[in-house]
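Take a look at the structure set out below.
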Amino acid sequence: MTPGPARDARTVTPGTVRPTRADLAAAADRTIPDVLAPGLAVLFVGINPGLWSAATGWHFARPGNRFWPALHRGGFTPRLLHPSEQDELPALGLGITNMAARASARADELSTDELLAGAAILTDKVARYRPRWVAVVGVTAYRIGFQRPKAAFGPQPESLADARLWVLPNPSGLNAHFTPVTLGLAFAELRVATGLPDRRQPAES
């Protein structure tokens with residue numbers, strides 16, 4: 001069974017959609033729309049949609065993925081957003097796209113050619129929409145796609161179509177090298193570099 005219109009992120013209550021096993025199986029190789037607008041402060045770039053994201057249409061949707069908590073801990077959002085609230089990001093100067101468009105169960109299912117092609121598409125997208133910063137969420141995908149085998153986390157020496165580049169850790173729950181706290185600190189470091197204010201409530205700061 002494939003997800004119908006009732007599963008659209010704009011028509012459901014946050015937290016109410018849980019894809020079935022059949023939904024997830026049917027989501028392989030799907031694509032999902034970017035969250036994008038011209039002139040954003042930061043465009044976050046995931047590796048590719050997971051099956052949960054492809055089934056719901058929401059980026060970083062799988063329970064256990066720590067992107068949304070890290071975004072909030074880093075001060076980018078005034079509260080913890082549910083993935084279904086992703087359309088609120090452009091008003092905050094934020095957007096989301098992916099290095100590779102097709103959904104898969106794991107990022108390591110992508111080929112080198114897919115990541116190279118995705119990097120070229122991303123470059124064109126950045127030139128068209130002109131975000132000030134591009135933050136790639138996953139150092140391995142960045143190294144392969146942009147042929148920078150020695151790239152490390154943090155600011156990159158090169159730019160991307162006039163945008164500043166930054167590499168963040170992969171927020172997947174499978175990435176045991178980073179805790180929720182250290183992920184939040186990594187996102188906060190980017191936010192400070194961009195000059196965006198800490199949008200959290202004072203008691204959370």
Side-chain angles (χ1 to χ4, degrees), residues 2-3 9 19-36 40 42-68 70-71 83 86 94-129 131 133-178 183 186-187 190:
T2 57
T20 65
R21 185 174 297 180
D23 291 334
L24 295 176
D29 298 328
R30 274 193 202 155
T31 62
I32 63 175
D34 293 334
V35 177
L36 199 52
L40 296 172
V42 185
L43 177 61
F44 292 94
V45 182
I47 301 171
N48 73 313
L51 299 184
W52 203 290
S53 288
T56 61
W58 306 331
H59 293 270
F60 301 104
R62 183 179 179 84
N65 190 292
R66 299 167 295 177
F67 174 81
W68 296 99
L71 200 66
Q86 62 184 18
L94 311 175
I96 305 176
T97 186
N98 287 287
M99 282 276 287
R102 77 173 181 93
S104 65
R106 294 175 59 97
D108 59 14
E109 296 176 26
L110 299 174
S111 68
T112 296
D113 286 346
E114 284 180 282
L115 290 172
L116 291 170
I121 292 169
L122 176 63
T123 302
D124 290 343
K125 194 175 295 184
V126 171
R128 186 164 69 251
Y129 286 92
W133 289 79
V134 172
V136 180
V137 185
V139 69
T140 301
Y142 179 77
R143 288 170 176 166
I144 296 171
F146 287 95
Q147 300 179 288
R148 300 285 190 270
K150 296 182 179 180
F153 296 118
Q156 303 303 305
E158 62 273 4
S159 59
L160 184 66
D162 295 327
R164 296 286 306 276
L165 265 172
W166 194 282
V167 174
L168 288 165
N170 186 342
S172 167
L174 298 175
N175 183 2
H177 297 292
F178 286 85
L183 274 174
F187 275 64
L190 167 63

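When all heavy atoms of V137 and P171 are compared, the pair lying nearest together is CG1-CD, 2.9 Å. For the residue pair L183 and P169, the shortest heavy atom distance occurs at CD2-CB, 3.7 Å. Among all heavy-atom pairs drawn from N48 and S104, the shortest one is ND2-OG, 2.9 Å. Summarising the geometry of V42 relative to A135, their closest heavy-atom pair is CG1-CB, 4.1 Å, with the distance given to 0.1 Å. For the residue pair V139 and A151, the shortest heavy atom distance occurs at CG2-O, 3.6 Å. Residues A27 and L51 approach most closely at CB-O, 3.6 Å, considering heavy atoms.
Side chains of S53 and W58 form no contact here, defined as non-hydrogen atoms less than 4.5 Å apart. No side-chain heavy atom of P49 sits under 4.5 Å from any side-chain heavy atom of T31. Looking at Q147 and L116, their side chains come closer than 4.5 Å, going by heavy atoms from C-beta outward. You'll find the side chain of D23 reaches within 4.5 Å of the side chain of T20, heavy atoms only. Annotation: side chain of Y142 is not in contact with side chain of M99 (no heavy-atom distance under 4.5 Å). The side-chain heavy atoms of L190 and F44, taken from C-beta on, include a pair separated by under 4.5 Å. Looking at F146 and L160, their side chains come closer than 4.5 Å, going by heavy atoms from C-beta outward. In this structure the side chain of L36 reaches within 4.5 angstrom of the side chain of K125, judged on heavy atoms.
Here the straight-line distance linking atom CD of E114 with atom CD1 of I121 works out to 10.0 Å at 0.5 Å rounding. Distance CD1/I47 to CZ/R106: 10.5 Å, rounded to 0.5 Å. Note that CG of D34 is 9.5 Å distant from CG of L122, once rounded to the nearest 0.5 Å. Between the CZ atom of F187 and the CG atom of L168 there is a distance of 4.5 Å, given to the nearest 0.5 Å. Atom CG of D113 and atom CD1 of I144 lie 11.0 Å apart (nearest 0.5 Å). With values rounded to the nearest 0.5 angstrom, L71 atom CG is found 12.0 Å from Q86 atom CD.
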Would H59 and N98 count as a side chain to side chain contact (heavy atoms under 4.5 Å, CB included) if you check the C-alpha gap in whole Å, the side-chain angles of each, and the deciding distance to 0.1 Å?
CA-CA 9 Å; H59 293 270; N98 287 287; 3.4 Å; yes
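Ring planes of F67 and F60: parallel class, angle under 30° (limits at 30 and 60°).
When the shell of 6.0 Å around OH of Y129 is examined, it contains 12 or fewer heavy atoms from other residues, nucleotides or ligands. Atom CZ of R128 has more than 12 neighbouring heavy atoms from other residues, nucleotides or ligands inside a 6.0 Å radius.
A donor-acceptor pair under 3.5 Å is absent between the side-chain atoms of R148 and the main chain of E158, judged by distance alone.
Checking S159 against D162 by side-chain atom types alone, no donor-acceptor pair falls below 3.5 Å.
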